[in-house]
Amino acid sequence: MMLKVENLVQGYGGNIVLDGISFEVSTGEIVALLGPNGSGKSTIIKTVCDIMAPKSGSITIDGREVHDFDSSELAKVVSYVPQSSAAAVYTTVMDTVLVGRRPYIGWSYKNEDIEIAIDSMRKMNVESLSDKNVSELSGGQKQRVFLARSLAQDPDFFIFDEPTSALDLKFQMKTMISMRRIIKENGAGMLIALHDINLALNYTDKVIMIKDGKVLAFGDPKTTVTEDTIREVYGVDTEIIETKNGRYILPISPCDGEGGGF
């Protein structure tokens, strides 16, 4: 399957935030959105998930416009985890994760739904928290619960908005490793907004670099994320270091007047 964004224009009121955005996400691959705060990453994700209607352009899944899906259909195809998902929820972890099975159930949950929820909690390392109230958890634990709910939804496309932002270093890496394995094994696709360029370099298949509401570069991280594109998008001089374990960004100094900033 393919999720395709073509010539997307989006904004708030008369302010255009995205101008002519185009890219594709195929099942079996992870595509990262990179850009400074305010570059439009979250707006892209909300529009792709049909939370916001585009001003112009199209978002299609296998040629079908996203806005033509009814809510139940779309929930089986797309699972969305927003930045604010770590807010307090006054249900248990198990009940929260089971919500991901709602698109598939009739009158009540089946044993299969419960087994899928347990497996999803296990993959996000929150199974031991199943009886706890979500509101009692730390921000990182909450985020992992919502990621588990997304896994239980079993979609064709995962759409995540900075899902690792509340996680410590260990769980950032474990989450990306787990999601990469799930994407490859299940034949799903993922569009993920990330702050950490190193995560994008080492765990994704393609990168979209956003600057001033436009796509500056789109493609393989090795050729797309360069010292030049980082300088242009983020306004930071860096050095890219090649190691036997991957490629890593070493920040050197900010460049006044370029890329992101105050």
Side-chain angles (χ1 to χ4, degrees), residues 1-35 38-85 99-106 146-147 149-163 179 182-184 186-194 200 204-220 224:
M1 297 179 73
M2 179 179 289
L3 188 158
K4 192 170 186 178
V5 176
E6 293 185 279
N7 298 315
L8 173 64
V9 176
Q10 184 59 285
Y12 301 90
N15 182 32
I16 298 299
V17 176
L18 306 172
D19 188 7
I21 299 288
S22 296
F23 62 86
E24 299 170 353
V25 182
S26 296
T27 47
E29 67 181 12
I30 299 177
V31 178
L33 278 168
L34 294 179
S39 60
K41 301 188 300 296
S42 294
T43 302
I44 290 173
I45 283 177
K46 288 176 183 177
T47 307
V48 166
C49 294
D50 201 34
I51 296 169
M52 299 173 64
K55 290 185 176 294
S56 64
S58 65
I59 300 102
T60 58
I61 296 176
D62 275 2
R64 184 179 176 187
E65 293 282 351
V66 168
H67 61 70
D68 287 340
F69 289 79
D70 64 35
S71 58
S72 180
E73 276 186 298
L74 190 60
K76 293 178 181 179
V77 179
V78 171
S79 180
Y80 167 53
V81 177
Q83 286 185 30
S84 59
S85 63
V99 169
R101 299 303 302 163
R102 278 186 179 172
Y104 304 95
I105 66 172
F146 283 94
L147 290 170
R149 184 179 70 181
S150 181
L151 294 185
Q153 200 170 325
D154 192 26
D156 295 299
F157 291 97
F158 295 92
I159 313 292
F160 290 171
D161 194 354
E162 298 182 17
M179 290 309 305
I182 290 163
I183 293 302
K184 303 304 178 182
N186 294 7
M190 175 185 282
L191 177 65
I192 178 171
L194 289 171
T204 70
D205 300 293
K206 294 178 183 176
V207 166
I208 308 162
M209 298 192 79
I210 305 294
K211 181 187 179 184
D212 298 331
K214 298 179 182 292
V215 175
L216 177 74
F218 173 45
D220 188 313
T224 302

Separation of Leu3 CG from Ile59 CD1 (nearest 0.5 Å): 8.5 Å

Distance-only criterion, 3.5 Å: show the donor-acceptor pairs between side-chain atoms of residues 22-32 and protein atoms not counting sequence neighbours.
{"unit_1": "Ser22", "atom_1": "OG", "unit_2": "Asn7", "atom_2": "N", "d": "2.8"}
{"unit_1": "Thr27", "atom_1": "OG1", "unit_2": "Met1", "atom_2": "N", "d": "3.0"}
{"unit_1": "Thr27", "atom_1": "OG1", "unit_2": "Met1", "atom_2": "O", "d": "3.4"}
{"unit_1": "Glu29", "atom_1": "OE2", "unit_2": "Ser26", "atom_2": "N", "d": "2.9"}

Sequence-distant partners of Val215, side chain to side chain contact (heavy atoms under 4.5 Å, CB included), two or more places apart: Ile21, Ile208, Ile210, Phe218

From Ser79 atom OG to Leu74 atom CG, the distance as rounded to the nearest 0.5 Å: 10.0 Å

Closest approach of Gly20 to Val9 (non-hydrogen atoms, all atoms of both residues): N-CG2, 3.8 Å

Test side chain to side chain contact (heavy atoms under 4.5 Å, CB included) applied to Leu191 and Val78, Asp161, Leu33, the passing residue: Leu33

Polar side-chain atom of Tyr104 near backbone of Gln153 as donor-acceptor pair, under 3.5 Å: yes

Pro103 to Val99 - nearest heavy-atom pair and separation: CD-O, 4.3 Å

Rounded distance [0.5 Å steps], CE in Met190 versus CD1 in Ile159: 8.5 Å

Counterpart residues, side-chain hydrogen bond (donor to acceptor under 3.5 Å, both in side chains), relative to Ser39 (two or more places apart): none

CE on Met209 to NZ on Lys41, rounded to 0.5 Å: 10.5 Å

CD1-CZ distance between Ile61 and Phe157, expressed to the nearest 0.5 angstrom: 6.0 Å

Separation between CG of Leu147 and CZ of Phe158, rounded to the nearest 0.5 Å: 9.5 Å

Summary of salt bridge (charged side-chain N to carboxylate O under 4.0 Å, His left out) pairs that have at least one residue in residues 66-76, sequence neighbours excluded: Arg64-Glu73

Donor-acceptor under 3.5 Å (Asp62 side chain, Met2 main chain): yes

Counterpart residues, side chain to side chain contact (heavy atoms under 4.5 Å, CB included), relative to Thr43 (two or more places apart): Gln10, Tyr12, Val17, Leu18, Thr47, Met52

Test log, rule side-chain contact (heavy atoms from CB on, under 4.5 Å), inputs Asp50 and Phe69: CA-CA 9 Å; Asp50 201 34; Phe69 289 79; over 6 Å; no

Side-chain touch Lys55/Ile16, heavy atoms, less than 4.5 angstrom: yes

Residue pairs passing the salt bridge (charged side-chain N to carboxylate O under 4.0 Å, His left out) test where at least one lies in residues 11-23, sequence neighbours excluded: Asp19-Lys214

